[in-house]
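What follows is a set of notes on a single structure, which appears directly below.
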Amino acid sequence: MIGGKSGARNGCNYVATLPWLKQRCTDPDCRNIVRMVENLSQEYDLDANLVLSVIRFESGFNVRAHSPKGASGLMQLIPETAVRFGVRDIWDVEQNIRGGMAYLRWLLAYFKGDLVKALAGYNAGERRVLQYGGVPPYRETRGYVKRIIRDYGKSFHRYDLRWLDEDSRPVQGLVSGRDAALPAGKG
């Protein structure tokens, strides 16, 4: 969990180095999640620290986390997003992480590496980010973005526009993420 190994191709850090990990991940289950994220971060071309920060603020590393809005698992996927990114079992730890990483990667490509917008999209849905021209004026979303940016320490992440094509099927009207769970009349 400690080190600074960086991907030679793109500068992404595939080894988790967040300072709170030593205190937070003392049990074998948490360490296994960190190792899984480190391994998958190479495949998804994402910084492991970013993914772990998202998990920290989405679920607190609780694999059985379930929100009142229907988001589930470590990466708090709603059923529509899970389907969109090929997750068959939202409670399967690896599938949940893969689905969350695929969505995060797609958002990074969509918002051209702007991590603030990508995180806002992860929390509120990319349609809301477009609607408001940036982070929506939701207290939850604004706090979420600030906490992760502070924890991760960066506001930009490498991206590749090809990620838009390979990670998901087109979504009519750009409704995805948590937008799909919004009650009628909310935007």
Heavy atoms only: give me the nearest [X]-[Y] pair and the separation to one decimal.
{"X": "Val15", "Y": "Asn13", "value": "O-OD1, 2.7 Å"}
{"X": "Lys117", "Y": "Val129", "value": "O-CG2, 3.8 Å"}
{"X": "Cys25", "Y": "Val34", "value": "SG-CG2, 3.8 Å"}
{"X": "Asp151", "Y": "Trp20", "value": "OD1-NE1, 2.7 Å"}
{"X": "Arg142", "Y": "Pro136", "value": "NE-O, 3.3 Å"}
{"X": "Tyr44", "Y": "Trp163", "value": "O-CZ2, 4.2 Å"}

How far apart are the C-alpha atoms of Leu46 and Leu108, what are their side-chain angles, what is the distance that settles it, and do they pass the side-chain contact (heavy atoms from CB on, under 4.5 Å) test? CA-CA 10 Å; Leu46 293 172; Leu108 284 164; 3.6 Å; yes
Is there a side-chain contact between Val87 and Tyr103 (heavy atoms, below 4.5 Å)? no
Does a side-chain heavy-atom distance below 4.5 Å link Thr17 with Asn49?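 Thr17 reaches Asn49 side chain to side chain.
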[atom1] of [X] to [atom2] of [Y]: how many Å apart, nearest 0.5 Å?
{"X": "Tyr152", "Y": "Ile148", "atom1": "OH", "atom2": "CD1", "answer": "11.5 Å"}
{"X": "Phe57", "Y": "Arg150", "atom1": "CZ", "atom2": "CZ", "answer": "7.5 Å"}
{"X": "Leu119", "Y": "His157", "atom1": "CG", "atom2": "NE2", "answer": "10.5 Å"}
{"X": "Thr26", "Y": "Leu21", "atom1": "OG1", "atom2": "CG", "answer": "11.0 Å"}
{"X": "Met75", "Y": "Ile55", "atom1": "CE", "atom2": "CD1", "answer": "5.5 Å"}
{"X": "Leu40", "Y": "Arg35", "atom1": "CG", "atom2": "CZ", "answer": "13.0 Å"}

Is a side-chain donor or acceptor of Gln95 paired with a backbone partner of Arg88 at a separation under 3.5 angstrom?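 Such a contact is found between Gln95 side chain and Arg88 backbone.
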Counting N and O atoms only, with roles assigned by atom type, does the side chain of Asn96 sit under 3.5 Å from a partner on the main chain of Trp91, one being a donor and the other an acceptor? no
Please evaluate residues Lys154 and Asp47 with respect to the criterion side-chain contact (heavy atoms from CB on, under 4.5 Å), reporting the C-alpha separation (whole Å), side-chain torsions for both, the decisive distance (0.1 Å), and the verdict. CA-CA 11 Å; Lys154 300 174 189 171; Asp47 189 324; 3.5 Å; yes
Could you go step by step and tell me if Phe85 and Met101 meet the side-chain contact (heavy atoms from CB on, under 4.5 Å) rule? CA-CA 9 Å; Phe85 291 95; Met101 289 176 83; over 6 Å; no
For Arg128 and Glu140, what are the C-alpha separation, side-chain angles and deciding distance, and is it a salt bridge (charged side-chain N to carboxylate O under 4.0 Å, His left out)? CA-CA 13 Å; Arg128 295 292 176 242; Glu140 174 193 333; over 6 Å; no
If you apply the rule side-chain contact (heavy atoms from CB on, under 4.5 Å), what do you find for Arg98 with Glu43, and how did you get there? CA-CA 10 Å; Arg98 282 181 177 278; Glu43 181 179 333; 2.7 Å; yes
Verify the distance criterion only: is there a donor paired with an acceptor across the side chains of Gln76 and Tyr122 at less than 3.5 Å?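 No donor-acceptor contact under 3.5 Å links the two side chains.
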Please enumerate all residues that pass salt bridge (Lys or Arg N to Asp or Glu O under 4.0 Å) together with Asp114, with sequence neighbours excluded. none
Does the pair Asn123 and Tyr138 meet the rule for a side-chain hydrogen bond (donor to acceptor under 3.5 Å, both in side chains), with working shown? CA-CA 10 Å; Asn123 183 264; Tyr138 311 143; over 6 Å; no
Classify the ring geometry between Tyr159 and Phe156 as parallel (under 30°), tilted (30 to 60°) or perpendicular (over 60°). perpendicular
